[in-house]
Amino acid sequence: MTASLVVTASPHVRSQDSTPVIMWNVVGSLAPVVAAAAWFFGVSGLLVIAAAVVGAVATEHFLGRGGTLADGSAAITGLLLGLALPPGLPLWMACLGGAFGITFGKLVWGGLGQNVFNPALVGRAFLQAAFPVAITTWPPVGGPFWALKGDLFALPFIRPATDAITSATPLGLLKFEGHATRLLDLVTGATGGSVGETAALVILAGGAFLAWKRYLNWRTPVSILLTVAAVSALIHLIDPRRPDALFMLFSGGLMLGAVYMATDLVTSPITNLGRWVFGFGIGVLVVVIRIWGGLPEGVMYAILFMNALVPFINRATQPRVFGSRGAKAAT
Amino acid sequence: MTDVAPHCATGAAPQVHGKSSPAWRLLITLAIAGALSGWLVATVYNITLPAVKRHAAERLDAAVREVLRAPVRWDTLYLVHDALTRTAPAGDLDQVPKAYVGYDAAGKRLGVAITAAEPGFQELVTLMIGYDPGSGSLIGFTVLDEKETPGLGDKIERDSDFTHQFVGRTPPLTGVKGRAPATPSEVQTITGATISSRAVVRIIDHAVERWRPLLAAWDRGGTT
Amino acid sequence: MTTAGTAVAEPPDVAPAAPDFVPGAPPPASVAADIWRGITRENPVLVQFLGMCPTMAVTNTLANGVAMGLATLFVLTGSGLIVALFSRYIAHEVRITSYILIIATFVTLADMILAATFPDISKALGPFMPLIVANCLLLGRAEAFAAKVGPVRAVADGLGMGLGFTASLSLLSSIREILGRGSILGHDLFGRRFEPWVFMAMPPGGFFTLGLALLGLAFIIEVRRRRAARAA
Amino acid sequence: MSHLAWIFVSTLLVNNFTLVMFLGLCSFFGVTAKIETAWRLGLANTFVLLLTAVGAWTLNTYVLTRTPFLRTIAFIVVIASGVQVVEMAVKKYFPILFRQLGIYLPLITTNCAILGLALFQTARHYTLAESLVFAIGAGLGLTLALSLMASIRERIEVAEIPIIARRMGLVLVVASCLSMAFMGFAGMGSAP
Amino acid sequence: MTATGFRHGVHPPEEKGLTSGLPIRRMPFPDEIVLPLRQHAGKPAIPCVKVGDHVERGDPVALADGWVSVPIHASAAGTVTAIDWWPHPDGSMAQAVKIKVDRFAAQVPRPRMVPHWEGLSTDQVIRAVQDAGVVGLGGAAFPTHVKLAPPKDHAVHTLIINGAECEPYLTSDHRTMAEHPDRVLFGIRVMMHCLGVTRCVVGVERNKPDAIAALQGARPADLDVTILPLTVKYPQGAEKMLIHAVTGIEVPSGQLPVSVGVVVQNVGSVSAIAEVFETGLPLIERIVTVSGRGLRRPANLIVPVGTKLRDLIGYCGGMTDDGVEVIIGGPMMGQAQADLDAPVLKGTTGVVVLRREETRQEKVYPCIHCGRCLEACPVFLNPSLLGDFARVGRYEDMAEHHLADCMLCGSCAYVCPSNIPLAQFFQAGKAALRRAAAGAA
Ligand SMILES: Cc1cc2nc3c(=O)[nH]c(=O)nc-3n(C[C@H](O)[C@H](O)[C@H](O)COP(=O)(O)O)c2cc1C
Ligand SMILES: Cc1cc2nc3c(=O)[nH]c(=O)nc-3n(C[C@H](O)[C@H](O)[C@H](O)COP(=O)(O)O)c2cc1C
Ligand SMILES: Cc1cc2nc3c(=O)[nH]c(=O)nc-3n(C[C@H](O)[C@H](O)[C@H](O)COP(=O)(O)O)c2cc1C
Ligand SMILES: Cc1cc2nc3c(=O)[nH]c(=O)nc-3n(C[C@H](O)[C@H](O)[C@H](O)CO)c2cc1C
Ligand code: SF4
Ligand code: SF4
Ligand code: SF4
Ligand code: SF4
Ligand code: FES
């Protein structure tokens, strides 16, 4: 029997969760969000998501180290990118965004786990910078399921035919028309906006599931949402013309961003204290950009900016080593 | 890699080892070098100055002609302690706010061109605004300087549909998004460049607000 | 600063130590070699990483890029020549100051001439034109090369470096103008239906384009290396 | 937003000297391998920028009124020598401060961020107050950019970076991402 | 008093049910005994027998080499057949005395006088303990007599007995406490006497109620001994964690428990001492938990030190068809064995056999910075960062980030979803640093 002995390093037992399990659970938890997207934006929403996923996954497959598709992270990137795009966006743009996000948000950094910026948001920020008009053109919610919104099938490099009927997002309306959307519509998601951002409650449910399974750290979203609520409530108090906390919480990409994007393990702090700081920073930035910034929405930029701070936050929030009290540092 | 490169050249200027020379020699060297370069630069400056001046003048002229609908002549008013005067004050002129009053062949005043700058989406946006104090309406405007996003914010000077709407409108204006203007004081903003568009509106409103009383006062003080 | 050698060293973790100024003239080489070196092996932008600021700031259109490149070429050559001619009369202690003076003089000349001849480009470049003074490339060449060789080689080096600089700027700026505005030298390429990548015309696009160029370069080098390895 | 406040925010974030205006990139790429070095260099920069603002303003208002064409030369020479004087002074009277920041001063003297400040404040006809705010915003913006870059580079030091991105490629992608992140501040203070 | 506990740590499945109910049984003597000279921390012992010599059970075969070293005794009567290299449980080869066990020997030790501890001075007791070759049975196998003679400048105020036994599967300490509480307490009495301490706390995890009850019952009136139930959490038994759990004191990093006036001894060590003063016998056998689903008949056995794993496992019915990994110690810190000729040592707390599907799969993913390792590490290190440094061989940086405080408990690797062999990395790092230091010196 000696021949067939297995020799591994200690510890010889391991907890159940593995990285792919975590990732695929996140994918699973996004299914309801995708369903909601289909409900609100019909086939157009699904097509945009699909295009983004294809872009991300294909790039990971052809440029990646190989065999890394199985860990599921590329799929998440594609999904979340797709969910953060407007329903009528030409598919080639969505696809390009996915490819860009994976290539320059992940692969050049060394692949899974090495990147500092959230790949999906790198992809989205690129799209927003490259095609600002297309990505801020919002087809109205609802309509028949099979209706093709916007100019989905525009050819690459060709300016999409601007859709006659476009709506505006609650944030756009607020910033540029000074008109606030009904809270009920915000909560039920019956508003213009990105494919997956409008179904706030579904997103929260998915987040709750992941938090319960400990696949995402609840501190990050909680501290983001609390901060946004607190800060905007304060500002609303000082100047009632400013939107109130509930509007802030349920409009724009905040929910999706706070629950699924700020919580990306790789690009958020590793210490719990750090996660509180991270969330606080995002919350403040979101409110500041939404109220005083030029852009109507700032979730993406807030997260990207705080991503850049993560290495610094990690440094600053290292726990005190056991027994190093009394400044007796071991070396 | 060559991150090394940069920080050297000047980096080592002081602590240099090597033979030291008497102070007078250093001074002489610098003096000569300075004198030479000064002379050279001055000469070239004087040679190029006319051309540079001409270009500036042309740019101004073109702008004024555009916003005042091709006046045959125009003269400059300077704003010195809150009052307009035709006599240029001493010192550097380009900080002094100016108004350019344009006349047609018949000597009738077409309007006044004024410049104003305020933050846009990225940086300050500088406009020249043609304004008719008589009717209180706009003759037009042109962008003198702007660093907005190419292909987006810079439509405020490229997109003629946008710029033409201002002709004949009476400030204060309001920018509306996504629909045709309803009242004569409304202009439609550029999709994707709402912020820049509104910046233009804001600049024009503020400028008119500021200059209307001044021009009125000037008129009372005897129009030509 | 003899950077070519260090071109492959990893970034230093502190500000690099002051290089020694023991006058060691660069190895003799033909004029052609001096020029070629600047364009290729010691390319100021793609290899030596000098003068990053102008490189990034003005490469949003080809016209600006070329203008900046040629201006730099002019300054490099001119200051190189003067430095080479007079370096032996310049006292050691005021060396740097004098070089800066010489360079600044040429920059000012270039600035004024451009303003007189191409007012629009001059307006577009704005303060980045005089900023050439700060470009480490110039002081670097004056100190490390021109001061140690004869006027001919100094001019040759200036030409080489200048051409290399211009070439890189042209490359980057044409990528950025074509993608970012769908035009080249202001001429519309693809007609009105083209959807430009605004990204390219904006600051992130600047960093990105250079990054792309470097990745491409590294890729080519890597492929070559692999081939060589396989051959051996 | 008041004018001075706008200048500050605009220089610090919207038009960050390094990430949007492309000034001081040499230091940005060259001296950002360790975070301590980075923020020290940033602070030293801020210090010199303040000096420059005052110097340039003085030159513009009192010395160069008749000879604008000597600006570039005057700026560069005055800044270079001024910084050296300050360096000696700091070395003599604040040895600790000098040990912290001093070694960077020479590196900065002709860094284009410094000259750039002088030239931009001239081009924009800034008053003394405006120039000072401009300098502080620029300096802090520089420090911010340098520190962010440094902390990120410290992390990617242990990453398994693909060979072709090892040298400078990734660093530029990082810069690009940082620059994108800063785009969120665009239009800050000019909102309707 | 109540336990303050310690923060972080992990909860691996206990698996103690396999053997916790089984009474301790004596294992018959094997045909051959192998006694490595290096069984304890400190200097290896020096052989004092030649090939061909006959030894009785309990005779010394090797003598202590200095103060931090102990003698080794024959655990069975027989003939020395070789003194040669032999597989050591730590994976290396080591000098060992091989004894052919005499089939028909009565296996009774030579008659000897049992030392009367009350009569002896502290030094004499300590000497007796060293001569008996007693070492820490908690795994570290550190010579016990050294712990009994703390440096004069440190006043010891508390003796802590480590009955945590936090590793999964292992139940040897558990059974000892449950079946021989009075022996344990006698050992404690002797130790308190030598250390001159008035207070002793026995820390036992709550998952051993019978052991706790037994000790409570056997507690003599004249001794201040507290039996302290502890939360069930790994690594509750780690010296510094246990001290914190019991006294709330943090042992300064880089220092020994003595520096805060505490001495920790494992339950097994204590009862070993007791035996010395009850029977006069040296440490020649110990209680070993032989367990795991890869084994046919798990048991708690009294095993002669030097018994080969092959014989031990064979006596327990051998391995099941899918039993593939044999571990000495517990699954968290224990060492997998490549060669079943390796013998049971004084410090061998248990032998665990895992089935194939229980062994770690090899696929390792990159660190996704989930932070679970930080939340597991009982000494508050940043295993993720240390792991990154280890991967690129930056050992000085590891040292700078307190690698020295890592006790290789494996909690981080246990929770890591990316299956990164962190503990292994850290062991390598420590080794590399030691080599570097040696090179420098
Ligand atoms: C997670 C997430 C983050 C987003 N971040 C941004 C952002 O930072 N900036 C932005 O303009 N739009 C962002 N969007 C889209 C916005 O929610 C909103 O739809 C859009 O910004 C409105 O743009 P407009 O008002 O300029 O048309 C994001 C969407 C999601 C789902
Ligand atoms: C990269 C980028 C550049 C932008 N540039 C401008 C600009 O120059 N001017 C402007 O008004 N808005 C600019 N925006 C703001 C957005 O286009 C914003 O959504 C838009 O102004 C809202 O108006 P809309 O709803 O008509 O699109 C920019 C946005 C991005 C992402
Ligand atoms: C992670 C870890 C866990 C430990 N767990 C125990 C334990 O549960 N029981 C025990 O007796 N010793 C345990 N030890 C060993 C103790 O730290 C200590 O060495 C021992 O209890 C001292 O007593 P001894 O010298 O009598 O063995 C552990 C050590 C480590 C590093
Ligand atoms: C809770 C959670 C959230 C994630 N969010 C994102 C995300 O927002 N964007 C993304 O590209 N990948 C996301 N991922 C996948 C993966 O972590 C990410 O691609 C890494 O940044 C790749 O290195 C997420 C993973 C998890 C477990
Ligand atoms: S110019 Fe000065 S500061 Fe800028 S890089 Fe060159 S040496 Fe460094
Ligand atoms: S192996 Fe270590 S952890 Fe475990 S029971 Fe023995 S001592 Fe406790
Ligand atoms: S092994 Fe070291 S690092 Fe990992 S948990 Fe145990 S002590 Fe902490
Ligand atoms: S547990 Fe594993 S994956 Fe999670 S942080 Fe620690 S090392 Fe990285
Ligand atoms: S070119 Fe700008 S700092 Fe060197």
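Since we're looking at a predicted model, the values are computed, not measured. Residue numbers begin at 1 in each chain, while the letters A, B, ... track the order of the sequences.
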* Identify which part of E/Arg7 has an atom lying under 4.5 Å from any heavy atom of chain A, answering side chain, backbone, both or neither. => neither
* Structure fact -> Taking every heavy atom of A/Leu112 against every heavy atom of E/Pro366, the minimum-distance pair comes out as O-CB, 3.4 Å
* Between E/Cys416, E/Gly91, E/Pro421, the one whose heavy-atom pairs under 4.5 Å with chain A are most numerous -> E/Cys416
* Tell me, for E/Cys367 versus chain A, whether the close heavy atoms (under 4.5 Å) come from the side chain, the backbone, both or neither. => backbone
* Structure fact -> When every non-hydrogen atom of E/Asn382 is compared with those of A/Gln318, the smallest separation belongs to ND2-NE2, 3.1 Å
* To do: Work out which heavy atom in E/Gly410 is nearest to a heavy atom in A/Pro11; give both atom names and the distance.
  => O-CG, 3.5 Å
* Structure fact -> Nearest heavy-atom approach of E/Thr359 to A/Val6 is CG2-CG1, 4.5 Å
* Pick from E/Cys377, E/Ser411, E/Cys370, E/Pro12: which one has the most heavy-atom pairs with chain A under 4.5 Å? -> E/Cys370
* For E/Leu374, is it the side chain, the backbone, both or neither that has a heavy atom under 4.5 Å from a heavy atom of chain A? -> side chain
* Let me know if E/Pro378 has heavy atoms under 4.5 Å from chain A in its side chain, its backbone, both or neither. => backbone
* Taking the side chain as every heavy atom from C-beta outward, state whether E/Glu375 and A/Arg214 have any pair of such atoms under 4.5 Å apart. => yes
* Asked: For A/Asp17 and E/Arg372, what are the C-alpha separation, side-chain angles and deciding distance, and is it a side-chain contact (heavy atoms from CB on, under 4.5 Å)?
  -> CA-CA 11 Å; A/Asp17 294 339; E/Arg372 294 186 181 197; 2.8 Å; yes
* To do: Please state whether the side chain, the backbone, both or neither of A/Asn314 comes within less than 4.5 Å of a heavy atom of chain E.
  => neither
* **Winner by heavy-atom pair count (cut-off under 4.5 Å) against chain E, out of A/Thr8, A/Asp71, A/Asp264** => A/Thr8
* Asked: A/Ala9, A/Ser15, A/Gly111: which one forms the most heavy-atom pairs within less than 4.5 Å of chain E?
  -> A/Ser15
* Under 4.5 Å from a heavy atom of chain A, the part of E/His244 involved -> side chain
* Structure fact -> Honestly, the part of E/Cys409 sitting under 4.5 Å from a heavy atom of chain A is neither
* Kindly say whether A/Thr267 contributes a backbone atom to a donor-acceptor pair with the side chain of E/His369 at under 3.5 angstrom? => no
* Do the ring centers of A/Phe322 and E/His8 come within less than 6.0 Å of each other? -> no
* Polar contact flag, side-chain donor to acceptor under 3.5 angstrom, E/Ser418-A/Thr19 -> yes
* With a 4.5 angstrom heavy-atom cut-off, could you sort out which part of A/Asn217 is near chain E: side chain, backbone, both or neither? => side chain
* **A/Phe280 atom CZ, over 12 foreign heavy atoms within 6.0 Å** => no
* To do: Heavy-atom distances under 4.5 Å only: say whether E/Lys363 touches chain A with side chain, backbone, both or neither.
  => neither
* Asked: Which answer fits E/Val251, side chain, backbone, both or neither, if we ask what part of it has an atom under 4.5 Å from a heavy atom of chain A?
  -> backbone
* Heavy-atom distance under 4.5 Å to chain A: side chain of E/Tyr365, backbone, both or neither? -> side chain
* Shortest non-hydrogen contact between E/Arg360 and A/His12, atoms and distance -> CG-O, 4.0 Å
